[in-house]
Amino acid sequence: MSRFTAVISVPGEMTTEETLPTFDTAREAWAYLAKERREAEDERSVYVDGLPCEEYSSAVDVLDYLASDDGQAVYGDPLALQVVGADGTGVIVAPTPGYDGEHDVGVSYTVALTP
């Protein structure tokens with residue numbers, strides 16, 4: 001049975017975590033990443049146009065969509081440009097929560113199959 005690993009990192013850099021969380025399904029891994037993103041936004045007081053944001057970012061919406069188990073999320077839709085494969089693995093890159101500088105490389109949220 002395949003297991004899925006959830007990774008949060010800066011694009012182009014290796015993760016510094018020694019032990020990565022693993023899950024039985026890709027949806028569980030995406031749910032973990034959505035929870036982590038929500039917590040990061042809560043900690044870093046995300047702002048929009050200089051005002052505190054009352055809602056979570058679209059990154060959380062995308063991660064929640066990929067985690068949904070109500071049949072709404074479509075993995076690997078052949079008619080759309082997808083970063084998530086038919087098995088639920090893939091990468092989503094989003095702006096760094098709370099970063100206000102000019103050169104944000106973002107944060108990548110990855111779900112991968114564990115050997």
Side-chain angles (χ1 to χ4, degrees):
M1 180 170 146
S2 297
R3 302 265 304 163
F4 295 86
T5 302
V7 181
I8 301 171
S9 63
V10 174
E13 294 184 16
M14 297 291 289
T15 184
T16 57
E17 293 183 47
E18 290 183 28
T19 306
L20 297 171
T22 58
F23 303 89
D24 291 330
T25 68
R27 291 189 197 289
E28 291 171 343
W30 289 116
Y32 167 81
L33 294 172
K35 177 185 76 66
E36 291 295 311
R37 176 66 186 212
R38 260 189 224 80
E39 290 175 3
E41 289 185 15
D42 288 343
E43 290 173 8
R44 292 177 181 89
S45 298
V46 174
Y47 289 83
V48 175
D49 297 327
L51 300 171
C53 187
E54 298 288 326
E55 299 176 1
Y56 290 108
S57 71
S58 60
V60 173
D61 293 339
V62 170
L63 294 168
D64 279 340
Y65 171 77
L66 293 170
S68 70
D69 61 356
D70 58 7
Q72 290 184 19
V74 177
Y75 295 155
D77 181 350
L79 301 177
L81 178 61
Q82 292 283 330
V83 293
V84 177
D87 60 359
T89 61
V91 179
I92 301 296
V93 178
T96 303
Y99 182 77
D100 200 18
E102 294 180 24
H103 304 288
D104 183 19
V105 294
V107 178
S108 67
Y109 299 89
T110 305
V111 171
L113 282 171
T114 303

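- To the nearest 0.5 Å, atom CG of residue Leu33 and atom OG1 of residue Thr110 are 8.0 Å apart.
- Using a 4.5 Å heavy-atom threshold, the side chains of Asp87 and Leu113 count as touching.
- The shortest distance between side-chain heavy atoms of Leu63 and Tyr109 falls below 4.5 Å.
- Across all their heavy atoms, Ala26 and Phe4 have their closest contact at N-CD1, 3.4 Å.
- Counting only heavy atoms from C-beta outward, the side chains of Arg27 and Leu66 never approach each other to under 4.5 Å.
- Trp30 contributes a side-chain N or O that, together with a main-chain N or O of Gly88, makes up a donor-acceptor pair within less than 3.5 Å.
- For the atom pair Lys35 NZ and Asp64 CG, the distance stands at 12.5 Å (nearest 0.5 Å).
- Listed here is the closest heavy atom pair of Ala29 and Ala6: O-CB, 4.0 Å.
- Of all the heavy atoms in Val91 and Ser108, the pair that sits closest is CG1-CB, 4.0 Å.
- Atom CG of Leu20 sits about 12.5 Å away from atom CZ of Arg3, to the nearest 0.5 Å.
- No continuous path of hydrophobic side-chain contacts links Val62 to Val7 [ILVMFWY only; heavy atoms under 4.5 Å].
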- request: Could you give me the CA-CA distance, side-chain angles and deciding distance for Thr5 and Thr114, then say whether side-chain hydrogen bond (donor to acceptor under 3.5 Å, both in side chains) is met?
  value: CA-CA 6 Å; Thr5 302; Thr114 303; 2.3 Å; yes
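- For the pair Ser58 (side chain) and Asp61 (backbone), a donor-acceptor distance under 3.5 Å is absent.
- Judged purely by atom type and a 3.5 angstrom limit, Asp104 has no side-chain atom pairing as donor or acceptor with the backbone of Pro95.
- Remark: Arg38 CZ to Glu36 CD distance equals 10.5 Å, nearest 0.5 Å.
- We find the CD-OG1 distance between Glu28 and Thr22 to be 10.0 Å, quoted to the nearest 0.5 Å.
- For the pair Val10/Val107, no side-chain contact is recorded, criterion being any heavy-atom separation below 4.5 Å from C-beta on.
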